[in-house]
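Heavy atoms only: backbone and side chains are in, while hydrogens, waters and symmetry mates are out.
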Amino acid sequence: MFSRVLTVSVAVRARLHSQTAKHWCRHATKVEPPRGAFPFGHFAKPSMKTIDLYLFLTAFTWIVACAAIAELMWKRRVKFFFPAIVAVSLVVVNTIVGGHVEPEKTYLDVLRYLIRERDVSSIFALLMGASAAFTWVYVVWTATIEDDEEGRQPRRWLLLPLAALIVVACGHAFIWKEVTGTTRHAVAVNNAEFTIEQVAELDDQPLRLAIDDAGAVYVCYDYFKKHGAWGGVVLRYVRDEAGQWQHRIVIESPILARCYGLAVREGDLYVSRSGYYPKAELGRVTYERTGAITQLRDLDGDGYYEYAHDVVTDLPGVRAPDTMQQNNGMLFGPDGSLYVTNASAADRTLDEHPWGGAILKFDPDFSNPQIFAKGFRNPWTITLGPDDSLFATDSDVDENPGDEINHVLHGEHYGHPFVIPNEQGVEAVGFRAPMFVGERETVFLGMVYATTEALPEEYRNCLYVTDFRLNRVLRLKLAKEGDSFKVTDVIPFAQVPSPVDMVMSKDGDFYVISRRAQKLYRIHLKKQADN
(Lines give C-alpha, C1' and ligand atoms only; values in the text may rest on other atoms or scores of the structure.)
Protein backbone atom coordinates (compact mmCIF):
# COMPACT_ATOMS: atom_id res chain seq x y z
CA MET A 1 0.00 0.00 0.00
CA PHE A 2 0.82 3.63 0.54
CA SER A 3 3.69 3.17 2.96
CA ARG A 4 5.42 0.77 0.57
CA VAL A 5 5.72 3.70 -1.80
CA LEU A 6 6.74 6.18 0.88
CA THR A 7 8.91 4.17 3.25
CA VAL A 8 11.06 1.06 3.65
CA SER A 9 10.10 -1.41 6.35
CA VAL A 10 12.51 -3.50 8.41
CA ALA A 11 11.33 -6.92 7.28
CA VAL A 12 11.60 -9.75 9.83
CA ARG A 13 10.15 -12.93 8.44
CA ALA A 14 7.52 -14.91 10.37
CA ARG A 15 6.95 -18.40 9.01
CA LEU A 16 4.17 -20.87 9.65
CA HIS A 17 4.72 -24.56 10.16
CA SER A 18 4.40 -26.32 6.84
CA GLN A 19 1.81 -28.80 8.17
CA THR A 20 -0.95 -26.21 8.69
CA ALA A 21 -3.48 -27.35 6.09
CA LYS A 22 -4.68 -25.70 2.91
CA HIS A 23 -2.85 -23.23 0.76
CA TRP A 24 -5.56 -20.56 0.47
CA CYS A 25 -3.23 -17.87 -0.76
CA ARG A 26 -2.85 -19.62 -4.11
CA HIS A 27 -6.59 -19.39 -4.54
CA ALA A 28 -6.92 -15.72 -3.66
CA THR A 29 -9.07 -13.99 -6.25
CA LYS A 30 -6.86 -12.35 -8.81
CA VAL A 31 -8.78 -11.28 -11.89
CA GLU A 32 -6.73 -11.46 -15.04
CA PRO A 33 -8.45 -9.52 -17.83
CA PRO A 34 -8.87 -11.26 -21.16
CA ARG A 35 -6.41 -10.27 -23.83
CA GLY A 36 -7.51 -7.02 -25.41
CA ALA A 37 -10.14 -6.29 -22.75
CA PHE A 38 -8.27 -3.24 -21.55
CA PRO A 39 -4.67 -2.23 -22.20
CA PHE A 40 -3.09 -2.32 -18.76
CA GLY A 41 0.38 -1.78 -20.16
CA HIS A 42 -0.52 1.06 -22.48
CA PHE A 43 -2.92 2.54 -19.97
CA ALA A 44 -0.67 2.89 -16.97
CA LYS A 45 2.89 1.70 -17.37
CA PRO A 46 5.49 3.79 -19.19
CA SER A 47 8.17 1.85 -20.99
CA MET A 48 10.83 3.11 -18.63
CA LYS A 49 10.06 3.73 -14.99
CA THR A 50 11.36 6.80 -13.19
CA ILE A 51 13.56 4.68 -10.97
CA ASP A 52 15.09 3.04 -14.06
CA LEU A 53 16.00 6.43 -15.50
CA TYR A 54 17.48 7.41 -12.15
CA LEU A 55 19.62 4.27 -12.12
CA PHE A 56 20.74 5.01 -15.69
CA LEU A 57 21.90 8.48 -14.59
CA THR A 58 23.52 7.04 -11.47
CA ALA A 59 25.68 4.63 -13.46
CA PHE A 60 26.49 7.34 -15.99
CA THR A 61 27.49 10.03 -13.47
CA TRP A 62 29.59 7.74 -11.27
CA ILE A 63 31.58 6.32 -14.16
CA VAL A 64 32.10 9.77 -15.69
CA ALA A 65 33.23 11.16 -12.32
CA CYS A 66 35.67 8.32 -11.73
CA ALA A 67 37.15 8.72 -15.22
CA ALA A 68 37.54 12.48 -14.85
CA ILE A 69 39.18 12.20 -11.43
CA ALA A 70 41.50 9.45 -12.66
CA GLU A 71 42.47 11.56 -15.67
CA LEU A 72 43.21 14.53 -13.44
CA MET A 73 45.16 12.57 -10.83
CA TRP A 74 47.09 10.30 -13.20
CA LYS A 75 48.01 12.54 -16.14
CA ARG A 76 47.90 15.70 -14.02
CA ARG A 77 46.52 17.91 -16.76
CA VAL A 78 45.15 21.12 -15.35
CA LYS A 79 42.54 21.44 -18.08
CA PHE A 80 40.75 18.37 -16.73
CA PHE A 81 40.22 20.02 -13.34
CA PHE A 82 37.04 21.58 -14.75
CA PRO A 83 35.59 18.29 -16.14
CA ALA A 84 36.37 16.61 -12.80
CA ILE A 85 34.52 19.30 -10.83
CA VAL A 86 31.54 19.10 -13.19
CA ALA A 87 31.43 15.29 -13.03
CA VAL A 88 31.56 15.18 -9.22
CA SER A 89 28.88 17.88 -9.05
CA LEU A 90 26.64 15.78 -11.26
CA VAL A 91 26.99 12.85 -8.86
CA VAL A 92 25.94 15.11 -5.97
CA VAL A 93 22.99 16.58 -7.88
CA ASN A 94 21.86 13.13 -9.01
CA THR A 95 21.96 11.88 -5.42
CA ILE A 96 19.84 14.81 -4.24
CA VAL A 97 17.28 14.27 -6.99
CA GLY A 98 17.13 10.60 -6.09
CA GLY A 99 15.78 11.57 -2.69
CA HIS A 100 12.63 12.81 -4.43
CA VAL A 101 12.12 9.73 -6.59
CA GLU A 102 11.50 7.46 -3.58
CA PRO A 103 11.19 10.02 -0.74
CA GLU A 104 11.65 7.68 2.21
CA LYS A 105 14.26 5.38 0.69
CA THR A 106 18.01 5.79 0.66
CA TYR A 107 19.98 4.85 -2.41
CA LEU A 108 21.13 1.61 -0.76
CA ASP A 109 17.53 0.81 0.18
CA VAL A 110 16.53 1.14 -3.46
CA LEU A 111 19.37 -1.13 -4.61
CA ARG A 112 18.54 -3.76 -1.98
CA TYR A 113 14.90 -3.72 -2.98
CA LEU A 114 15.68 -4.07 -6.69
CA ILE A 115 18.14 -6.90 -6.07
CA ARG A 116 15.63 -8.71 -3.87
CA GLU A 117 12.93 -8.32 -6.52
CA ARG A 118 15.34 -9.36 -9.30
CA ASP A 119 14.25 -6.34 -11.29
CA VAL A 120 15.71 -7.05 -14.74
CA SER A 121 14.69 -3.66 -16.17
CA SER A 122 16.82 -1.93 -13.54
CA ILE A 123 19.83 -4.04 -14.47
CA PHE A 124 19.37 -2.98 -18.09
CA ALA A 125 19.10 0.64 -16.96
CA LEU A 126 22.45 0.38 -15.16
CA LEU A 127 24.04 -1.25 -18.20
CA MET A 128 22.67 1.51 -20.44
CA GLY A 129 24.16 4.16 -18.16
CA ALA A 130 27.51 2.39 -18.15
CA SER A 131 27.44 2.07 -21.94
CA ALA A 132 26.64 5.74 -22.40
CA ALA A 133 29.49 6.67 -20.10
CA PHE A 134 31.93 4.40 -21.93
CA THR A 135 32.20 6.78 -24.90
CA TRP A 136 33.04 9.61 -22.51
CA VAL A 137 35.65 7.46 -20.79
CA TYR A 138 37.12 6.24 -24.06
CA VAL A 139 37.62 9.76 -25.40
CA VAL A 140 39.26 10.87 -22.17
CA TRP A 141 41.60 7.93 -21.79
CA THR A 142 42.70 7.81 -25.43
CA ALA A 143 43.64 11.46 -25.37
CA THR A 144 47.38 12.12 -25.30
CA ILE A 145 49.46 15.06 -24.31
CA GLU A 146 50.66 15.22 -27.92
CA ASP A 147 47.06 15.76 -29.08
CA ASP A 148 46.80 18.82 -26.90
CA GLU A 149 50.20 20.14 -27.86
CA GLU A 150 49.49 19.81 -31.58
CA GLY A 151 46.03 21.34 -31.17
CA ARG A 152 44.18 18.37 -32.65
CA GLN A 153 41.43 18.31 -30.00
CA PRO A 154 42.03 21.42 -27.89
CA ARG A 155 38.43 21.72 -26.60
CA ARG A 156 37.92 18.18 -25.39
CA TRP A 157 38.12 19.32 -21.77
CA LEU A 158 35.13 21.63 -22.42
CA LEU A 159 33.00 19.48 -24.75
CA LEU A 160 33.03 16.39 -22.53
CA PRO A 161 31.56 18.02 -19.39
CA LEU A 162 29.07 19.88 -21.60
CA ALA A 163 27.84 16.57 -23.04
CA ALA A 164 27.53 15.08 -19.55
CA LEU A 165 25.58 18.15 -18.37
CA ILE A 166 23.11 17.81 -21.25
CA VAL A 167 22.51 14.09 -20.58
CA VAL A 168 21.94 14.59 -16.85
CA ALA A 169 19.86 17.76 -17.26
CA CYS A 170 17.49 16.11 -19.75
CA GLY A 171 17.17 13.04 -17.56
CA HIS A 172 16.42 15.09 -14.47
CA ALA A 173 13.85 17.14 -16.37
CA PHE A 174 11.96 13.92 -17.07
CA ILE A 175 12.32 12.73 -13.47
CA TRP A 176 11.10 16.05 -12.12
CA LYS A 177 7.99 15.82 -14.29
CA GLU A 178 7.24 12.45 -12.71
CA VAL A 179 7.95 13.63 -9.15
CA THR A 180 5.78 16.75 -9.40
CA GLY A 181 2.94 14.95 -11.15
CA THR A 182 3.44 16.78 -14.45
CA THR A 183 3.72 13.46 -16.21
CA ARG A 184 2.87 11.89 -19.50
CA HIS A 185 -0.02 10.15 -17.76
CA ALA A 186 -3.10 11.77 -19.22
CA VAL A 187 -5.88 13.11 -17.05
CA ALA A 188 -8.88 11.58 -18.76
CA VAL A 189 -11.98 9.42 -18.37
CA ASN A 190 -12.16 6.20 -20.35
CA ASN A 191 -15.93 6.38 -20.80
CA ALA A 192 -17.64 8.68 -23.28
CA GLU A 193 -20.50 9.45 -20.88
CA PHE A 194 -18.16 11.15 -18.38
CA THR A 195 -15.82 14.10 -18.37
CA ILE A 196 -13.13 15.21 -15.92
CA GLU A 197 -12.31 18.73 -14.79
CA GLN A 198 -9.79 20.28 -12.43
CA VAL A 199 -11.49 21.79 -9.40
CA ALA A 200 -8.45 23.18 -7.60
CA GLU A 201 -4.69 23.29 -7.37
CA LEU A 202 -3.48 22.69 -3.81
CA ASP A 203 -0.57 24.22 -1.94
CA ASP A 204 0.71 20.88 -0.70
CA GLN A 205 0.39 17.16 -1.33
CA PRO A 206 -3.13 16.07 -0.28
CA LEU A 207 -3.89 13.00 1.80
CA ARG A 208 -7.62 12.43 2.26
CA LEU A 209 -11.04 13.51 1.04
CA ALA A 210 -14.51 13.72 2.60
CA ILE A 211 -17.87 14.99 1.37
CA ASP A 212 -21.01 16.07 3.21
CA ASP A 213 -24.65 15.67 2.26
CA ALA A 214 -24.75 19.17 0.73
CA GLY A 215 -21.91 18.33 -1.66
CA ALA A 216 -19.15 20.33 0.05
CA VAL A 217 -15.79 18.62 -0.47
CA TYR A 218 -13.14 18.58 2.26
CA VAL A 219 -9.44 18.02 1.56
CA CYS A 220 -6.75 17.52 4.19
CA TYR A 221 -2.99 17.53 3.95
CA ASP A 222 -0.13 17.79 6.40
CA TYR A 223 3.21 19.53 6.14
CA PHE A 224 6.65 19.31 7.70
CA LYS A 225 8.45 22.54 6.92
CA LYS A 226 11.84 23.99 7.73
CA HIS A 227 12.64 25.55 11.09
CA GLY A 228 10.49 23.06 12.96
CA ALA A 229 7.07 24.09 11.65
CA TRP A 230 4.68 21.19 11.24
CA GLY A 231 0.96 20.74 11.16
CA GLY A 232 -1.99 20.06 8.91
CA VAL A 233 -4.82 21.80 7.07
CA VAL A 234 -8.40 20.99 6.14
CA LEU A 235 -9.94 22.93 3.23
CA ARG A 236 -13.57 23.08 2.12
CA TYR A 237 -14.61 23.44 -1.54
CA VAL A 238 -18.14 24.50 -2.50
CA ARG A 239 -19.72 25.69 -5.75
CA ASP A 240 -21.36 29.10 -5.78
CA GLU A 241 -24.52 30.03 -7.71
CA ALA A 242 -22.43 30.79 -10.79
CA GLY A 243 -20.97 27.28 -10.72
CA GLN A 244 -17.51 28.48 -9.66
CA TRP A 245 -15.58 26.61 -6.99
CA GLN A 246 -14.84 28.59 -3.84
CA HIS A 247 -12.61 27.38 -1.07
CA ARG A 248 -11.39 28.32 2.36
CA ILE A 249 -9.26 26.85 5.12
CA VAL A 250 -11.58 25.61 7.84
CA ILE A 251 -8.84 24.58 10.26
CA GLU A 252 -5.04 24.65 10.42
CA SER A 253 -3.37 23.16 13.45
CA PRO A 254 -0.24 21.28 14.59
CA ILE A 255 -2.45 18.39 15.77
CA LEU A 256 -3.23 17.62 12.12
CA ALA A 257 0.38 16.78 11.25
CA ARG A 258 -0.49 13.16 10.45
CA CYS A 259 -4.12 13.37 9.32
CA TYR A 260 -4.49 9.99 7.61
CA GLY A 261 -8.27 9.77 7.79
CA LEU A 262 -11.12 12.24 7.27
CA ALA A 263 -14.90 11.95 7.66
CA VAL A 264 -17.97 14.16 8.01
CA ARG A 265 -20.98 13.52 10.25
CA GLU A 266 -23.80 15.91 11.14
CA GLY A 267 -21.75 18.98 10.25
CA ASP A 268 -18.69 17.95 12.28
CA LEU A 269 -15.36 16.84 10.88
CA TYR A 270 -13.51 13.81 12.23
CA VAL A 271 -9.80 13.30 11.67
CA SER A 272 -7.81 10.10 12.19
CA ARG A 273 -4.43 11.31 13.38
CA SER A 274 -1.33 10.23 15.29
CA GLY A 275 1.82 11.48 16.95
CA TYR A 276 5.13 9.71 17.41
CA TYR A 277 6.47 9.39 20.93
CA PRO A 278 9.11 6.71 21.64
CA LYS A 279 10.59 6.28 25.10
CA ALA A 280 13.77 4.45 26.07
CA GLU A 281 14.21 2.96 29.53
CA LEU A 282 16.99 0.59 30.57
CA GLY A 283 17.63 -0.57 27.04
CA ARG A 284 13.97 -1.06 26.10
CA VAL A 285 12.17 1.22 23.65
CA THR A 286 8.43 1.65 24.03
CA TYR A 287 5.91 3.81 22.20
CA GLU A 288 3.09 5.88 23.57
CA ARG A 289 -0.35 5.15 22.15
CA THR A 290 -0.67 8.41 20.25
CA GLY A 291 -3.38 7.47 17.76
CA ALA A 292 -6.67 9.35 18.09
CA ILE A 293 -9.90 10.26 16.34
CA THR A 294 -10.47 13.99 16.79
CA GLN A 295 -13.81 15.73 16.43
CA LEU A 296 -13.66 19.21 14.89
CA ARG A 297 -16.65 21.52 15.31
CA ASP A 298 -17.66 25.00 14.18
CA LEU A 299 -19.26 26.45 17.33
CA ASP A 300 -20.16 29.95 16.14
CA GLY A 301 -21.11 29.26 12.52
CA ASP A 302 -18.30 31.33 11.00
CA GLY A 303 -17.07 28.42 8.89
CA TYR A 304 -13.93 27.85 10.94
CA TYR A 305 -13.65 24.75 13.14
CA GLU A 306 -12.22 26.17 16.34
CA TYR A 307 -13.30 23.32 18.65
CA ALA A 308 -11.30 20.07 18.85
CA HIS A 309 -11.96 17.06 21.05
CA ASP A 310 -10.52 13.53 20.95
CA VAL A 311 -13.50 11.17 20.89
CA VAL A 312 -11.23 8.12 20.58
CA THR A 313 -7.80 7.84 22.18
CA ASP A 314 -5.17 5.21 22.95
CA LEU A 315 -4.97 3.86 19.41
CA PRO A 316 -1.51 2.33 18.75
CA GLY A 317 -0.50 5.18 16.43
CA VAL A 318 2.94 5.52 14.93
CA ARG A 319 5.55 3.01 16.04
CA ALA A 320 8.81 1.64 14.69
CA PRO A 321 9.99 0.06 12.51
CA ASP A 322 7.41 1.24 9.94
CA THR A 323 6.82 4.81 11.05
CA MET A 324 4.58 5.65 8.09
CA GLN A 325 1.87 3.29 9.39
CA GLN A 326 -0.76 4.22 11.97
CA ASN A 327 -4.54 4.51 12.33
CA ASN A 328 -5.77 5.46 8.87
CA GLY A 329 -9.22 5.51 7.31
CA MET A 330 -12.52 5.63 9.17
CA LEU A 331 -16.18 5.22 8.38
CA PHE A 332 -19.49 5.86 10.11
CA GLY A 333 -21.86 2.98 9.58
CA PRO A 334 -25.62 3.32 8.98
CA ASP A 335 -26.31 2.90 12.71
CA GLY A 336 -23.71 5.53 13.65
CA SER A 337 -21.03 3.05 14.64
CA LEU A 338 -17.47 4.13 13.89
CA TYR A 339 -15.00 1.85 12.08
CA VAL A 340 -11.28 2.67 12.17
CA THR A 341 -8.46 0.91 10.30
CA ASN A 342 -5.22 0.37 12.23
CA ALA A 343 -1.93 -0.62 10.63
CA SER A 344 0.53 -3.14 11.93
CA ALA A 345 3.85 -1.73 13.12
CA ALA A 346 6.03 -4.07 11.05
CA ASP A 347 6.24 -5.94 7.77
CA ARG A 348 6.13 -9.60 8.84
CA THR A 349 6.13 -9.75 12.64
CA LEU A 350 3.43 -10.14 15.25
CA ASP A 351 2.22 -6.86 16.69
CA GLU A 352 2.66 -6.29 20.43
CA HIS A 353 -0.54 -4.27 20.53
CA PRO A 354 -3.77 -6.28 20.05
CA TRP A 355 -5.21 -3.47 17.89
CA GLY A 356 -2.28 -3.48 15.46
CA GLY A 357 -3.34 -4.64 12.00
CA ALA A 358 -7.03 -4.59 12.97
CA ILE A 359 -10.25 -2.80 12.06
CA LEU A 360 -11.95 -1.49 15.19
CA LYS A 361 -15.63 -0.80 15.77
CA PHE A 362 -16.93 1.76 18.27
CA ASP A 363 -20.49 2.38 19.38
CA PRO A 364 -22.15 5.60 18.10
CA ASP A 365 -21.09 7.36 21.31
CA PHE A 366 -17.46 6.24 20.64
CA SER A 367 -17.45 3.78 23.53
CA ASN A 368 -17.04 0.00 23.68
CA PRO A 369 -14.13 -0.57 21.27
CA GLN A 370 -14.16 -3.99 19.63
CA ILE A 371 -11.89 -5.74 17.17
CA PHE A 372 -14.19 -6.16 14.18
CA ALA A 373 -11.60 -7.99 12.04
CA LYS A 374 -7.82 -8.44 12.10
CA GLY A 375 -4.90 -9.76 10.11
CA PHE A 376 -4.14 -6.64 8.05
CA ARG A 377 -0.78 -5.03 7.35
CA ASN A 378 -1.72 -1.45 6.48
CA PRO A 379 -5.42 -1.00 5.71
CA TRP A 380 -5.81 2.49 4.26
CA THR A 381 -9.46 2.92 3.23
CA ILE A 382 -12.72 1.39 4.38
CA THR A 383 -16.07 1.85 2.62
CA LEU A 384 -19.64 0.55 2.63
CA GLY A 385 -20.76 -1.86 -0.07
CA PRO A 386 -23.98 -3.70 -0.93
CA ASP A 387 -26.26 -4.42 2.04
CA ASP A 388 -23.98 -2.31 4.25
CA SER A 389 -21.09 -4.74 3.84
CA LEU A 390 -17.58 -3.43 4.49
CA PHE A 391 -14.66 -3.33 2.07
CA ALA A 392 -11.09 -2.31 2.93
CA THR A 393 -7.86 -1.92 0.99
CA ASP A 394 -4.70 -3.40 2.47
CA SER A 395 -1.04 -2.93 1.65
CA ASP A 396 0.97 -5.90 0.53
CA VAL A 397 4.20 -6.69 2.34
CA ASP A 398 7.41 -5.32 0.90
CA GLU A 399 8.39 -8.53 -0.87
CA ASN A 400 4.97 -9.20 -2.41
CA PRO A 401 3.83 -6.44 -4.79
CA GLY A 402 0.12 -6.16 -5.45
CA ASP A 403 -2.34 -4.64 -2.97
CA GLU A 404 -5.45 -6.34 -1.64
CA ILE A 405 -9.15 -5.47 -1.50
CA ASN A 406 -10.92 -7.33 1.28
CA HIS A 407 -14.56 -7.96 2.02
CA VAL A 408 -14.38 -7.42 5.77
CA LEU A 409 -16.48 -9.83 7.83
CA HIS A 410 -16.88 -9.67 11.59
CA GLY A 411 -14.50 -11.90 13.51
CA GLU A 412 -12.40 -12.94 10.53
CA HIS A 413 -8.58 -12.97 10.29
CA TYR A 414 -7.06 -11.86 6.97
CA GLY A 415 -3.64 -13.45 7.28
CA HIS A 416 -1.03 -10.86 8.24
CA PRO A 417 1.73 -11.51 9.25
CA PHE A 418 1.44 -15.25 8.70
CA VAL A 419 0.44 -15.55 5.06
CA ILE A 420 0.37 -13.34 1.99
CA PRO A 421 -1.31 -14.01 -1.35
CA ASN A 422 0.61 -16.18 -3.80
CA GLU A 423 3.49 -16.90 -1.41
CA GLN A 424 5.06 -20.14 -2.54
CA GLY A 425 5.74 -22.88 -0.03
CA VAL A 426 3.42 -21.51 2.66
CA GLU A 427 0.22 -23.28 3.65
CA ALA A 428 -2.24 -21.99 6.20
CA VAL A 429 -5.71 -22.57 7.53
CA GLY A 430 -8.27 -20.39 9.25
CA PHE A 431 -7.63 -17.16 7.35
CA ARG A 432 -9.99 -15.27 5.06
CA ALA A 433 -8.62 -14.82 1.53
CA PRO A 434 -8.67 -11.33 -0.03
CA MET A 435 -11.52 -10.67 -2.44
CA PHE A 436 -9.14 -9.22 -5.01
CA VAL A 437 -5.36 -9.01 -5.39
CA GLY A 438 -3.96 -6.37 -7.72
CA GLU A 439 -1.29 -6.95 -10.28
CA ARG A 440 2.34 -6.12 -9.68
CA GLU A 441 2.99 -2.67 -8.20
CA THR A 442 -0.65 -1.77 -7.63
CA VAL A 443 -1.25 0.53 -4.65
CA PHE A 444 -4.96 0.71 -3.85
CA LEU A 445 -5.85 3.75 -1.74
CA GLY A 446 -9.17 5.53 -2.31
CA MET A 447 -12.33 3.46 -2.74
CA VAL A 448 -16.09 4.08 -3.04
CA TYR A 449 -19.09 1.89 -3.84
CA ALA A 450 -21.57 3.56 -6.20
CA THR A 451 -25.30 3.06 -5.63
CA THR A 452 -26.80 6.43 -6.62
CA GLU A 453 -29.48 6.39 -9.29
CA ALA A 454 -27.90 9.55 -10.70
CA LEU A 455 -25.47 7.23 -12.51
CA PRO A 456 -26.43 5.10 -15.51
CA GLU A 457 -27.26 1.55 -14.47
CA GLU A 458 -24.03 0.20 -15.94
CA TYR A 459 -21.97 2.28 -13.50
CA ARG A 460 -23.95 1.46 -10.36
CA ASN A 461 -23.20 -1.28 -7.84
CA CYS A 462 -19.50 -1.20 -8.61
CA LEU A 463 -16.39 -0.55 -6.53
CA TYR A 464 -14.28 2.35 -7.77
CA VAL A 465 -10.66 2.10 -6.62
CA THR A 466 -7.72 4.47 -7.08
CA ASP A 467 -4.37 2.94 -7.96
CA PHE A 468 -1.71 5.32 -6.69
CA ARG A 469 1.32 3.74 -8.33
CA LEU A 470 -0.21 3.04 -11.74
CA ASN A 471 -2.04 6.38 -12.05
CA ARG A 472 -5.56 5.16 -12.63
CA VAL A 473 -9.05 4.64 -11.26
CA LEU A 474 -10.51 1.16 -11.77
CA ARG A 475 -14.15 0.04 -11.79
CA LEU A 476 -14.69 -3.40 -10.28
CA LYS A 477 -17.88 -5.37 -10.90
CA LEU A 478 -18.90 -7.68 -8.06
CA ALA A 479 -20.99 -10.82 -7.73
CA LYS A 480 -22.12 -12.63 -4.62
CA GLU A 481 -20.14 -15.76 -3.79
CA GLY A 482 -21.13 -17.62 -0.63
CA ASP A 483 -20.90 -15.24 2.31
CA SER A 484 -18.59 -12.94 0.37
CA PHE A 485 -18.14 -11.43 -3.09
CA LYS A 486 -15.94 -12.02 -6.09
CA VAL A 487 -14.68 -9.56 -8.69
CA THR A 488 -16.08 -10.49 -12.09
CA ASP A 489 -14.58 -7.70 -14.18
CA VAL A 490 -11.96 -4.96 -13.89
CA ILE A 491 -12.53 -1.96 -16.13
CA PRO A 492 -10.38 1.18 -16.45
CA PHE A 493 -12.49 4.18 -15.49
CA ALA A 494 -10.11 7.15 -15.43
CA GLN A 495 -6.49 8.20 -15.65
CA VAL A 496 -5.25 10.47 -12.87
CA PRO A 497 -1.60 10.89 -11.76
CA SER A 498 -0.97 9.43 -8.26
CA PRO A 499 -4.62 9.36 -7.09
CA VAL A 500 -4.52 9.03 -3.30
CA ASP A 501 -8.21 9.22 -2.38
CA MET A 502 -11.69 9.61 -3.82
CA VAL A 503 -15.24 10.29 -2.66
CA MET A 504 -18.62 10.38 -4.36
CA SER A 505 -21.55 12.78 -4.04
CA LYS A 506 -25.23 11.86 -4.02
CA ASP A 507 -25.45 13.44 -7.48
CA GLY A 508 -23.04 10.85 -8.90
CA ASP A 509 -19.95 13.08 -9.03
CA PHE A 510 -16.59 11.50 -8.25
CA TYR A 511 -13.90 13.64 -6.62
CA VAL A 512 -10.28 12.49 -6.81
CA ILE A 513 -7.13 14.06 -5.39
CA SER A 514 -3.74 13.68 -7.03
CA ARG A 515 -0.96 13.66 -4.47
CA ARG A 516 2.02 14.57 -6.63
CA ALA A 517 0.18 16.87 -9.00
CA GLN A 518 -1.45 18.50 -5.93
CA LYS A 519 -4.83 18.85 -7.62
CA LEU A 520 -8.48 18.08 -6.96
CA TYR A 521 -10.48 16.67 -9.88
CA ARG A 522 -14.18 16.14 -10.48
CA ILE A 523 -15.44 13.31 -12.71
CA HIS A 524 -19.07 13.67 -13.71
CA LEU A 525 -21.60 12.84 -16.41
CA LYS A 526 -21.39 15.16 -19.39
CA LYS A 527 -25.07 16.06 -19.09
CA GLN A 528 -24.24 17.52 -15.67
CA ALA A 529 -21.51 19.78 -17.04
CA ASP A 530 -23.76 22.84 -17.15
CA ASN A 531 -25.60 22.11 -13.90
Is a side-chain N or O of [X] found less than 3.5 angstrom from the main chain of [Y], in a donor-acceptor match?
| X | Y | answer |
| --- | --- | --- |
| Asn327 | Arg273 | yes |
| Thr341 | Thr381 | no |
| Glu306 | Leu299 | yes |
| Ser272 | Asn328 | yes |
| Arg208 | Tyr260 | yes |
| Glu412 | Ala373 | no |
| Asp394 | Asn378 | yes |
| Asp351 | His353 | yes |
| Arg515 | Pro206 | yes |
| Gln518 | Leu202 | yes |

What I'd like to find out is whether the side chain of [X] reaches to under 4.5 Å of the side chain of [Y], using heavy atoms alone.
| X | Y | result |
| --- | --- | --- |
| Val233 | Asp204 | no |
| Val271 | Ile293 | no |
| Tyr305 | Arg236 | yes |
| Arg289 | Trp355 | no |
| Leu463 | Thr383 | yes |
| Ile523 | Met502 | no |
| Thr442 | Leu470 | yes |
| Asn342 | Leu360 | yes |

For [X], look at atom [atom1] and say whether over 12 heavy atoms of other residues, nucleotides or ligands are found less than 6.0 Å away.
| X | atom1 | value |
| --- | --- | --- |
| His247 | NE2 | no |
| Lys279 | NZ | no |
| Glu352 | CD | no |

*Distance from Ser274 atom OG to Gln325 atom CD, nearest 0.5 Å?*
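The CD atom of Gln325 is 12.0 Å from OG of Ser274, to the nearest 0.5 Å.
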
*Look up atom CD in Glu481 and atom NZ in Lys486, then write down how far apart they are to the nearest 0.5 Å.*
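Nearest 0.5 Å value for the CD-NZ distance: 5.0 Å.
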
*Should the pair Arg319 and Tyr287 be classed as cation-pi, given the thresholds of under 6.0 Å to the six-membered ring centre and 45° from the axis?*
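No.
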
_Using a 6.0 Å distance limit plus a 45 degree cone around the ring axis, check whether Lys480 lies over the aromatic ring of Phe485._
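Yes, Lys480 and Phe485 form such a contact.
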
*asked:* Can you see whether Glu404 engages Tyr414 through a side-chain donor-acceptor pair at a distance of less than 3.5 angstrom?
replied: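 Side chains of Glu404 and Tyr414: no pair found under 3.5 Å.
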
*Taking atom types as modelled, is there a side-chain donor on Tyr459 or Asn191 under 3.5 Å from an acceptor on the other?*
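There is such a pair between these side chains.
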
For [X], all residues meeting ring pair (Phe, Tyr, Trp, His ring centres under 6.0 Å), sequence neighbours excluded:
| X | answer |
| --- | --- |
| Phe366 | Tyr270 |
| Tyr221 | none |
| Phe510 | Tyr464, Phe493 |

*Run through Val500, Val448, Val512, Ile513 and flag the one making a side-chain contact (heavy atoms from CB on, under 4.5 Å) with Leu209.*
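Considering Val500, Val448, Val512, Ile513, a side-chain contact (heavy atoms from CB on, under 4.5 Å) with Leu209 is found only for Ile513.
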
*Among Asp365, Asp363, Val312, side-chain contact (heavy atoms from CB on, under 4.5 Å) partner for Leu338*: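 Exactly one option meets the side-chain contact (heavy atoms from CB on, under 4.5 Å) with Leu338, and it is Val312.
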
*For Asp507 and Ser505, what are the C-alpha separation, side-chain angles and deciding distance, and is it a side-chain hydrogen bond (donor to acceptor under 3.5 Å, both in side chains)?*
CA-CA 5 Å; Asp507 297 329; Ser505 72; 4.7 Å; no

Ionic contact status for [Y] with [X], cut-off 4.0 Å:
| X | Y | result |
| --- | --- | --- |
| Arg377 | Asp322 | yes |
| Arg239 | Glu197 | no |
| Glu453 | Arg460 | no |
| Lys506 | Asp213 | yes |
| Asp302 | Arg248 | no |

*What heavy-atom pair brings Pro417 and Arg348 nearest, and what distance separates the two atoms?*
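The pair with the smallest heavy-atom distance is O-NE, 2.8 Å.
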
*Can you name the closest pair of heavy atoms from Pro497 and Asn471 and give their distance?*
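Heavy atoms only, the tightest pair is CA-OD1, 3.4 Å.
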
_Derivation of the side-chain contact (heavy atoms from CB on, under 4.5 Å) call for Thr451 and Asn461_ = CA-CA 5 Å; Thr451 58; Asn461 304 313; 4.2 Å; yes

Compute the centroid of each ring, for [X] and then for [Y], and state whether the two points are separated by less than 6.0 Å.
| X | Y | result |
| --- | --- | --- |
| Tyr511 | Tyr237 | no |
| His410 | Phe372 | yes |
| Phe444 | Trp380 | no |

